[in-house]
Protein chains: 2
Amino acid sequence: MPGYLKKYLTQKMVISNEELENILVCFKKLQSKKNQILIHPNKICKHLFFVQKGCLRVVCTRDDGQEWTRQIAIENDFITIFPSFLEQTISRSYLQTVEASDVFYISYSNFKKLNNIVPNWREFYTSILEQTYVNSIKRIEKLIAMDGKHLYEDFKINHPELLKRLPNKISASYLGISQETLSRLKTKK
Amino acid sequence: MPGYLKKYLTQKMVISNEELENILVCFKKLQSKKNQILIHPNKICKHLFFVQKGCLRVVCTRDDGQEWTRQIAIENDFITIFPSFLEQTISRSYLQTVEASDVFYISYSNFKKLNNIVPNWREFYTSILEQTYVNSIKRIEKLIAMDGKHLYEDFKINHPELLKRLPNKISASYLGISQETLSRLKTKK
DNA sequence: AAAAAGCATTGACAAAAATCAAAGGTTCTT
DNA sequence: AAGAACCTTTGATTTTTGTCAATGCTTTTT
């Protein structure tokens with residue numbers, strides 16, 4: 001049943017069929033409508049999600065109520081409230097579906113157990129970590145050095161599919177600019 | 001000789017004396033004056049650094065020549081041009097001393113070998129990765145959601161020692177604002 | 001110690017971006 | 001299908017921030 005996840009794992013790690021099954025049984029399927037909250041704010045994040053179909057985002061809120069998109073996940077991406085999941089601490093951020101989505105999720109305790117059950121798991125996990133960390137470094141470089149116009153141009157070049165797929169409002173909140181500014185940048189040039 | 005590094009490692013990982021020695025022999029000592037470039041731009045980053053004494057930063061440059069501080073390391077921090085080090089690819093960023101510094105450094109190939117030589121190394125490495133990734137997530141949250149004033153206030157609260165220690169110019173380039181704006185924020189309130 | 005280079009501050013101005021508000025267009029709900 | 005809710009665009013305005021330039025201060029360098 002978890003077609004994409006199985007495919008994803010076999011592509012990314014060296015693993016026996018038995019080990020693969022040991023991983024897959026830890027994941028449960030969830031189908032969700034649009035705009036549903038899968039991890040609530042001010043809770044400990046207990047699950048890691050894999051997106052089979054659809055789109056999810058991590059939302060962080062400012063004191064004045066404004067909301068910002070810290071992370072976006074589409075097909076074949078993992079997503080969770082990472083700081084909360086890792087340290088099992090409370091977080092103000094929440095995880096929300098942007099589209100109707102099919103996801104697979106694994107609990108924190110089962111996730112931890114995979115280290116013991118599957119020999120190559122740590123290596124796989126570390127590799128994913130490295131990649132997401134590199135991506136976050138690149139995002140930081142852009143956020144400190146670029147103004148709205150350049151952030152938008154860069155987003156259009158590197159994530160054209162997201163720009164088409166996401167509501168304007170969410171793209172703007174991912175870039176750290178207001179939706180009005182994004183709307184103007186889209187038309188101006 | 002690598003006093004702090006030895007102390008740091010024994011505190012952070014479970015390790016025998018022999019293993020510890022196997023790690024330490026991979027590191028070489030370097031003493032550097034202020035404003036020296038330890039990893040040059042447009043090169044493959046071949047070393048990972050541990051700061052014994054002093055202060056280093058990763059500088060990224062914009063097309064117009066403006067420079068920004070992507071990362072800062074002081075005593076007991078590791079630092080490198082991570083994307084370049086990890087994938088052994090060319091990077092425009094460079095690593096520079098902010099103060100006269102004593103550092104220990106390890107080559108990429110030796111770093112890779114530690115996975116085989118020291119059983120707990122991967123676990124240790126993963127744990128450092130997790131922590132730095134969490135820190136980068138927090139920085140992203142701030143950069144997308146906060147304006148200059150709030151970024152400065154936050155920096156003052158969370159890194160008061162850095163604010164005192166760093167030249168204004170570098171603090172500003174770390175926060176993604178101009179030094180004039182930082183100077184005004186410092187006096188205004 | 002003097003000169004030079006670099007850094008911080010301040011003012012004036014320009015550019016960028018946020019905010020507020022209104023209108024028209026979608027999409028969702030019933 | 002009608003109404004509601006939401007999203008997008010656009011205009012007007014204010015706020016924030018960047019840029020340029022000048023000055024005084026500090027730190028290097030010679």
Side-chain angles (χ1 to χ4, degrees), chain A residues 32-37 54-55 57 59-69 72 96-101 142-156 162-189, chain B residues 32-37 54-55 57 59-69 72 96-101 142-156 162-189:
Chain A
S32 169
K33 286 189 296 184
K34 193 176 166 178
N35 288 330
Q36 299 301 298
I37 295 183
C55 182
R57 68 169 182 150
V59 184
C60 50
T61 50
R62 212 164 55 183
D63 289 337
D64 68 358
Q66 273 264 39
E67 301 198 321
W68 303 93
T69 301
I72 297 165
Q96 180 191 40
T97 55
V98 176
E99 306 170 355
S101 304
K142 290 166 187 175
L143 287 169
I144 53 174
M146 291 182 179
D147 63 8
K149 186 185 160 193
H150 289 99
L151 285 170
Y152 163 66
E153 296 291 346
D154 178 84
F155 192 63
K156 195 167 71 174
L162 282 181
L163 197 59
K164 280 175 210 135
R165 194 168 171 176
L166 296 172
N168 234 323
K169 201 185 169 181
I170 291 183
S171 292
S173 80
Y174 179 81
L175 297 175
I177 61 180
S178 71
Q179 57 180 327
E180 292 95 334
T181 296
L182 178 58
S183 175
R184 288 181 175 110
L185 289 169
K186 274 182 141 174
T187 56
K188 281 253 172 71
K189 212 206 70 173
Chain B
S32 170
K33 287 188 296 183
K34 192 176 167 180
N35 289 330
Q36 300 302 297
I37 296 182
C55 182
R57 68 168 182 150
V59 184
C60 51
T61 50
R62 213 165 54 181
D63 289 338
D64 67 359
Q66 273 264 35
E67 301 197 322
W68 303 94
T69 301
I72 296 165
Q96 181 191 40
T97 54
V98 177
E99 306 171 355
S101 303
K142 290 166 186 175
L143 286 170
I144 53 174
M146 291 181 179
D147 62 10
K149 186 184 160 194
H150 289 99
L151 285 170
Y152 164 66
E153 296 291 346
D154 178 83
F155 192 63
K156 194 167 70 175
L162 282 181
L163 197 58
K164 280 173 211 138
R165 193 168 172 177
L166 295 173
N168 233 324
K169 201 184 169 182
I170 292 183
S171 293
S173 80
Y174 179 81
L175 297 175
I177 61 180
S178 71
Q179 57 179 329
E180 291 95 336
T181 296
L182 178 59
S183 176
R184 288 182 176 108
L185 289 169
K186 273 181 141 176
T187 57
K188 282 253 172 72
K189 212 203 70 173

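Here is the naming used below: chain letters follow the sequence lines, and residue numbers restart at 1 for every chain.
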> With sequence neighbours left out, what residues match A/Gln96 under side chain to side chain donor-acceptor pair (under 3.5 Å)?
Replying inline: A/Arg57

>> Taking side chain to side chain contact (heavy atoms under 4.5 Å, CB included) as the definition, give me every residue that meets it alongside B/Thr97, ordered by chain and number, with sequence neighbours left out.
In response: B/Ser32, B/Gln36, B/Leu38, B/Leu56, B/Ser101

> What pairs with A/Asp154 under salt bridge (Lys or Arg N to Asp or Glu O under 4.0 Å), at least two apart in sequence or on another chain?
Replying inline: A/Lys142

> Among all residues two or more places apart in sequence or in another chain, which pass the side chain to side chain contact (heavy atoms under 4.5 Å, CB included) test with B/Ser183?
Replying inline: none

>> If you apply the rule side-chain contact (heavy atoms from CB on, under 4.5 Å), what do you find for A/Ile72 with A/Val98, and how did you get there?
In response: CA-CA 9 Å; A/Ile72 297 165; A/Val98 176; over 6 Å; no

> Roughly, in whole Å, what's the span from CG in A/Asp147 to P in D/dT19?
Replying inline: 9 Å

> About how many Å separate CG of A/Asp147 and OG1 of A/Thr181, when rounded to the nearest 0.5 Å?
Replying inline: 11.0 Å

Under 3.5 Å, which protein N or O atoms sit close to an N or O of nucleotides 23-30 of chain D? Give each pair with its distance.
residue, atom, partner, partner atom, Å
D/dT28, OP1, B/Lys34, NZ, 3.1

> How does protein reach along nucleotides 6-13 of chain D, written 5' to 3' as B (base within reach of a heavy atom under 4.0 Å), S (only sugar-phosphate), or - (no contact)?
Replying inline: -SBSBBB-

> In chain order, what residues pass the side chain to side chain contact (heavy atoms under 4.5 Å, CB included) check against A/Glu180, with sequence neighbours excluded?
Replying inline: A/Ser178, A/Arg184

>> Holding to side chain to side chain contact (heavy atoms under 4.5 Å, CB included), I want the full list of residues that pass it with B/Asp64, two or more places apart in sequence or in another chain.
In response: B/Arg62, B/Gln66

> Which value, rounded to the nearest 0.5 Å, describes the distance between A/Cys55 atom SG and A/Ile170 atom CD1?
Replying inline: 7.0 Å

> For the helix from C/dA1-D/dT30 to C/dT30-D/dA1, what angle lies between the axis at the first five pairs and the axis at the last five pairs, to 10 degrees?
Replying inline: 60°

> Whole-Å distance between D/dT16 P and B/Met146 CE?
Replying inline: 16 Å

> Measuring from B/Leu166:CG to B/Thr69:OG1, what's the distance to the nearest 0.5 Å?
Replying inline: 8.0 Å

>> Students should find this one: the first and last nucleotides of DNA chain C, 5' to 3', lying under 4.0 Å from a heavy atom of chain A. What are they?
In response: C/dA17 to C/dC28

> Measuring from A/Leu163:CG to A/Leu182:CG, what's the distance to the nearest 0.5 Å?
Replying inline: 7.0 Å

> In chain order, what residues pass the ring-ring contact (aromatic ring centres under 6.0 Å, His included) check against A/Tyr174, with sequence neighbours excluded?
Replying inline: A/Phe155

>> Going by the rule salt bridge (Lys or Arg N to Asp or Glu O under 4.0 Å), which residues pair with B/Glu99 if we only count those two or more places apart in sequence or in a different chain?
In response: B/Arg165

